[in-house]
Visitor: 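Next up is a structure, given as structure tokens.
Side chains are part of it too, since the values below use all heavy atoms of this structure and drop only hydrogens, waters and symmetry mates. Please read all numbers here as calculations on a predicted model, not as lab measurements. Residue numbers run from 1 in the order of the sequence given.
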Amino acid sequence: MRTLSIRIGVLLLLFACHGAQAQQRITSSDKIAPKWIKNAPVILSDAVEFVTTTTFTSSTRLDQGSALDALANNLPREWNVASRVQTNESGYLKRGLNGVEAAEQVQEFDMQVISEGKPVNIRCQLLDEYWVQVDLGSGIQYKHSQLYQVAKPYYNGEFCPTEITNKYGARGLWRSAIIPGWGQFHKGAYLKGGLILGGTALLVGGIVYTETMRKDYMNKIEKTHVAEHKRAYATKSDNFAMGRNICIGALGALYVYNLIDAIVAPGARYVQFKRVDRSGNTYALSPTLTATGEPAMAMAITF
């Protein structure tokens with residue numbers, strides 16, 4: 001029993017130490033990298049492209065001109081953009097401690113580029129950005145990633161109404177209700193999800209082990225007629241029963257924490273597409289992938 005208590009204490013200490021170290025290492029603008037870095041949003045309009053850019057600098061600050069140069073170089077090849085000539089900026093991106101707070105207020109640019117030898121105006125919006133500290137061997141650099149919504153040349157219509165959010169609601173909850181940690185994985189919190197899943201497996205294993213040992217000593221009690229042995233076996237059986245109960249209680253607490261975290265804690269930022277019908281109901285569409293890897297859309301309706 002003492003050994004089991006020591007093991008549980010060591011595990012809790014490791015969790016606490018790991019959390020303290022994670023808080024001390026500030027190597028990125030947000031705790032979780034946005035989902036759009038690996039999976040660009042699905043295009044909902046033939047007139048709009050979503051373009052991500054990457055720029056390396058020696059500080060956390062990024063010159064917007066360099067970022068737009070990178071954007072011009074990442075525009076679709078069929079646009080035949082040769083270079084950026086001029087940029088006019090309007091609007092702003094409202095920020096907070098957890099990234100973008102109001103995605104409706106975004107930076108908009110009127111970028112003049114050379115396409116097929118002629119100057120062409122292209123409108124773009126900066127939707128979100130993220131930086132992470134990297135070691136390139138020659139020294140510490142900062143990798144800046146930015147997400148733009150770009151209108152195709154000669155398109156003067158509206159951009160797709162979007163918002164950047166880190167809220168997942170029930171989408172994280174039902175996953176974690178089925179498999180502890182799954183909701184955290186879905187939200188991009190891979191470390192937390194791994195710890196929850198690993199802790200669940202460890203505690204389930206502890207329950208199985210302690211219950212198996214308890215039954216084993218109960219069987220030994222029935223097979224012996226020596227009173228001293230019966231007392232010793234009964235004590236050990238009680239200790240393993242207590243250990244089992246501790247594991248069950250810890251598993252229940254971890255499962256409840258897993259559910260609360262899945263629905264309350266913010267996850268990786270992602271793009272939602274908004275639609276409003278005649279009744280004023282808001283339809284929020286977010287890009288996702290099917291089990292076979294095909295692009296699809298998830299819809300949330302607010303009445």
Visitor: Could you report the tightest heavy-atom contact between Tyr130 and Ser28, atom names first, then the distance?
Guide: OH-CB, 3.3 Å
Visitor: Using a 4.5 Å cut-off between side-chain heavy atoms of Ile, Leu, Val, Met, Phe, Trp and Tyr, which other residues end up in the same hydrophobic cluster as Leu62?
Guide: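 Leu62 shares its hydrophobic cluster with no other residue.
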Visitor: Test your reading of the model: is there a side-chain donor-acceptor pair from Asp216 to the backbone of Thr212, 3.5 Å cut-off?
Guide: no
Visitor: Find out whether the Lys NZ or Arg CZ of Lys220 is both under 6.0 angstrom from the six-membered ring centre of Tyr217 and within 45° of the ring's axis.
Guide: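 That pair qualifies as a cation-pi contact.
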Visitor: Say you draw a straight line from CE of Met213 to CZ of Arg244; how long is it, rounded to the nearest 0.5 Å?
Guide: 14.0 Å
Visitor: Report the distance from atom OG1 of Thr55 to atom CD of Gln146, rounding to the nearest 0.5 Å.
Guide: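 The CD atom of Gln146 is 6.5 Å from OG1 of Thr55, to the nearest 0.5 Å.
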Visitor: Does Asn258 use its side chain to pair, donor to acceptor, with the backbone of Leu254 at less than 3.5 Å?
Guide: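 Checked: no pair found.
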Visitor: Working to the nearest 0.5 angstrom, can you tell me the gap between Ile122 CD1 and Leu68 CG?
Guide: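 Ile122 atom CD1 to Leu68 atom CG measures 11.0 Å (nearest 0.5 Å).
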Visitor: Looking only at atom types and distance, does a side-chain atom of Lys152 sit under 3.5 Å from a main-chain N or O of Ala47, one as donor and one as acceptor?
Guide: no
Visitor: Within a radius of less than 6.0 Å around NZ of Lys230, do more than 12 heavy atoms belonging to other residues, nucleotides or ligands occur?
Guide: yes
Visitor: Where is the tightest heavy-atom contact between Phe50 and Leu127, given as atom of each residue plus distance?
Guide: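 Shortest heavy-atom separation between Phe50 and Leu127 comes out as CE2-CD1, 3.8 Å.
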Visitor: Going by side-chain hydrogen bond (donor to acceptor under 3.5 Å, both in side chains), name the residues that satisfy it together with Asn74, two or more places apart in sequence or in a different chain.
Guide: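 Once residues adjacent in sequence are excluded, Asn74 has no partner under the side-chain hydrogen bond (donor to acceptor under 3.5 Å, both in side chains) criterion.
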Visitor: Could Glu228 and Arg231 be called an ion pair, given the rule that one side-chain N must be under 4.0 Å from one carboxylate O?
Guide: no
Visitor: If I compare all heavy atoms of Ser237 with all of Met218, which pair ends up nearest, and what's the gap?
Guide: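 Heavy-atom minimum between the residues: OG-SD, 3.3 Å.
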Visitor: Could you grab the distance from atom CD of Gln141 to atom OG of Ser59, nearest 0.5 Å is fine?
Guide: 9.5 Å
Visitor: Give me the atom names and distance for the closest heavy-atom approach of Gln184 to Ala262.
Guide: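 So the minimum-distance heavy-atom pair works out to NE2-N, 3.5 Å.
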Visitor: Quick one: does Met242's side chain get under 4.5 Å of Arg214's, heavy atoms only?
Guide: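 No, side chains not in contact.
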Visitor: Any side-chain heavy atom of Leu147 within less than 4.5 Å of one from Pro34?
Guide: no
Visitor: Anything under 30° is parallel, anything over 60° is perpendicular, the rest tilted; go ahead and classify Tyr168 against Tyr270.
Guide: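 Tilted, since the angle between the ring planes falls between 30° and 60°.
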Visitor: Who else is in the cluster with Val226 when I, L, V, M, F, W and Y are joined by side-chain contacts under 4.5 Å?
Guide: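 Grouped by the 4.5 Å side-chain rule, Val226 forms a cluster of one, so the answer is none.
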Visitor: Under the 3.5 angstrom rule, does the side chain of Arg123 hit a backbone N or O of Gly157 as a donor-acceptor pair?
Guide: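 Side chain of Arg123 to backbone of Gly157, a donor-acceptor pair under 3.5 Å: yes, one is there.
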Visitor: Excluding sequence neighbours, so at least two apart, what forms ring-ring contact (aromatic ring centres under 6.0 Å, His included) with Trp36?
Guide: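 Counting only residues at least two positions away or on another chain, Trp36 forms no ring-ring contact (aromatic ring centres under 6.0 Å, His included).
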Visitor: Has Thr52 got a side-chain atom pairing as donor or acceptor with Ile37's backbone, closer than 3.5 angstrom?
Guide: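 Here the side-chain-to-backbone pair does not exist.
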Visitor: Are any non-hydrogen side-chain atoms of Thr235 and Asp238 less than 4.5 angstrom apart?
Guide: no
Visitor: Locate the shortest heavy-atom distance separating Gly188 from Ile32; write the atom from each residue and the value.
Guide: O-CG2, 3.4 Å
Visitor: Using modelled atom types and a 3.5 Å cut-off, is there a donor and acceptor pairing between side-chain atoms of Gln149 and backbone atoms of Cys160?
Guide: yes
Visitor: Rounded to the nearest 0.5 Å, how far does CD1 of Ile179 lie from CH2 of Trp174?
Guide: 9.5 Å
Visitor: Are Val271 and Ile164 close enough that some pair of their side-chain heavy atoms sits under 4.5 Å apart?
Guide: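 In short, these two side chains touch, coming nearer than 4.5 Å.
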Visitor: Rounded to the nearest 0.5 Å, how far apart are CG of Asn166 and CG of Asp128?
Guide: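 Output value for this atom pair is 10.0 Å.
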Visitor: Please output the side-chain donor-acceptor pairs of residues 191-208 that fall under 3.5 Å, not counting sequence neighbours, one pair per line with the distance.
Guide:
from   : atom 1 : to     : atom 2 : distance (Å)
Lys192 : NZ     : Asp261 : OD1    : 2.8
Thr200 : OG1    : Ile196 : O      : 2.8

Visitor: Is the charged tip of Arg175 near the ring of Phe185: under 6.0 Å from the six-membered ring centre and within 45° of its axis?
Guide: no
Visitor: On a heavy-atom basis, which atom in Tyr233 and which in Ile221 lie closest, and how many Å separate them?
Guide: CB-CG1, 3.4 Å
Visitor: Under 4.5 Å between side-chain heavy atoms, chaining through other members, with only Ile, Leu, Val, Met, Phe, Trp and Tyr counted: pull out the rest of the cluster around Ile260, sorted by chain and number.
Guide: Leu173, Tyr255, Val256, Leu259, Ile263, Val264
